[in-house]
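Here is the structure we will look at.
The sequence lines fix the lettering, A, B, ..., with proteins before strands; numbering per chain opens at 1. As the structure is a computational prediction, the values presented were derived from the model and not from experiment.
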Amino acid sequence: DAGVTQTPRHEVAEKGQTIILKCEPVSGHNDLFWYRQTKIQGLELLSYFRSKSLMEDGGAFKDRFKAEMLNSSFSTLKIQPTEPKDSAVYLCASSLDGRDTEVFFGKGTRLTVV
Amino acid sequence: QQKVQQSPESLTVSEGAMASLNCTFSDRSSDNFRWYRQHSGKGLEVLVSIFSDGEKEEGSFTAHLNRASLHVFLHIREPQPSDSALYLCAVSPSNMGYKLTFGTGTSLLVDP
């Protein structure tokens, strides 16, 4: 089992650029999550998909953040345009059904916006 | 809205000495409690999940839940330097395991 795979592991962007982060969930999992992790705020939910349908789209992140799930094995998170305050670790996670099953996390993408 | 706080923010223990981490939450109707570990530059690794009051042991990790006092503890028995990491508490409502609310974590350093 390959687990949750995220690419790239590190990304450096200039303010105003568009960046796209990628995630492959665990094979067979129906739920996919995008989180942002900072030291001050901890982990914050950005988006939640169930069977490819967007179930939750974090209110504070709607304007410049867009997550998509084109098929059951691939998701992207687009940030457009990037701002220095977007510098954080972006974690993707998946679970079988999101009710009481375990949530498995990827290693994250560390984004630095300069 | 669920609030989850962890203490202490950082903790240093000697190798082999018990480490105890604390997590408090605000919603007594919460049913799912998980402890995760995150090594530097890595993803989150689930250590133990607990769904009812009492204790749950997984290897050297024991979670202790007391919903009346709004606390869930993590005890690490005989920690090793390889256990040095960020420990995160996550809480979610019953049947909505995906709605995880995380604390900001306790950074544990185990001195050899």
Do the side chain of [X] and the main chain of [Y] share a donor and acceptor less than 3.5 angstrom apart?
X	Y	value
A:N30	A:L96	yes
A:T82	A:Q17	yes
A:R9	A:G108	yes
B:Q6	B:V4	no

So which part of [X] gets closer than 4.5 Å to some heavy atom of chain B, the side chain, the backbone, both or neither?
X	answer
A:R110	neither
A:Y35	side chain
A:Q41	backbone

> Which members of residues 53-64 of chain B, sorted by number, sit under 4.5 angstrom from chain A on a heavy-atom basis?
Replying inline: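 Within residues 53-64 of chain B, near chain A: nothing under 4.5 Å.
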
> Taking non-hydrogen atoms and a cut-off under 4.5 angstrom, which of residues 35-45 of chain B neighbour chain A?
Replying inline: B:Y36, B:Q38, B:G41, B:K42, B:G43, B:L44

> For A:F74 and A:P25, which heavy atoms make the closest approach, and how far apart are they?
Replying inline: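 Nearest heavy atoms, A:F74 then A:P25: N-CD, 4.0 Å.
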
> Is it the case that B:S30 and B:Q2 place a side-chain donor and acceptor less than 3.5 Å from each other?
Replying inline: yes

> Looking at A:H29, A:E24, A:E102, which one forms a side-chain hydrogen bond (donor to acceptor under 3.5 Å, both in side chains) with A:S94?
Replying inline: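 Exactly one option meets the side-chain hydrogen bond (donor to acceptor under 3.5 Å, both in side chains) with A:S94, and it is A:H29.
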
> With sequence neighbours excluded, what pairs up with A:E68 under the salt bridge (charged side-chain N to carboxylate O under 4.0 Å, His left out) test?
Replying inline: none

> How would you list, by chain and number, every residue that makes a ring pair (Phe, Tyr, Trp, His ring centres under 6.0 Å) with B:F33, sequence neighbours excluded?
Replying inline: B:F25

>> Regarding A:D86 and A:R64, does a basic nitrogen lie under 4.0 Å from an acidic carboxylate oxygen?
In response: yes

> So does B:K3 pair up with B:D27, basic N to acidic O under 4.0 Å?
Replying inline: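 A salt bridge is absent here (no side-chain N lies under 4.0 Å from a carboxylate O).
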
> Using non-hydrogen atoms only, which part of B:L86 is less than 4.5 Å away from chain A: side chain, backbone, both, or neither?
Replying inline: side chain

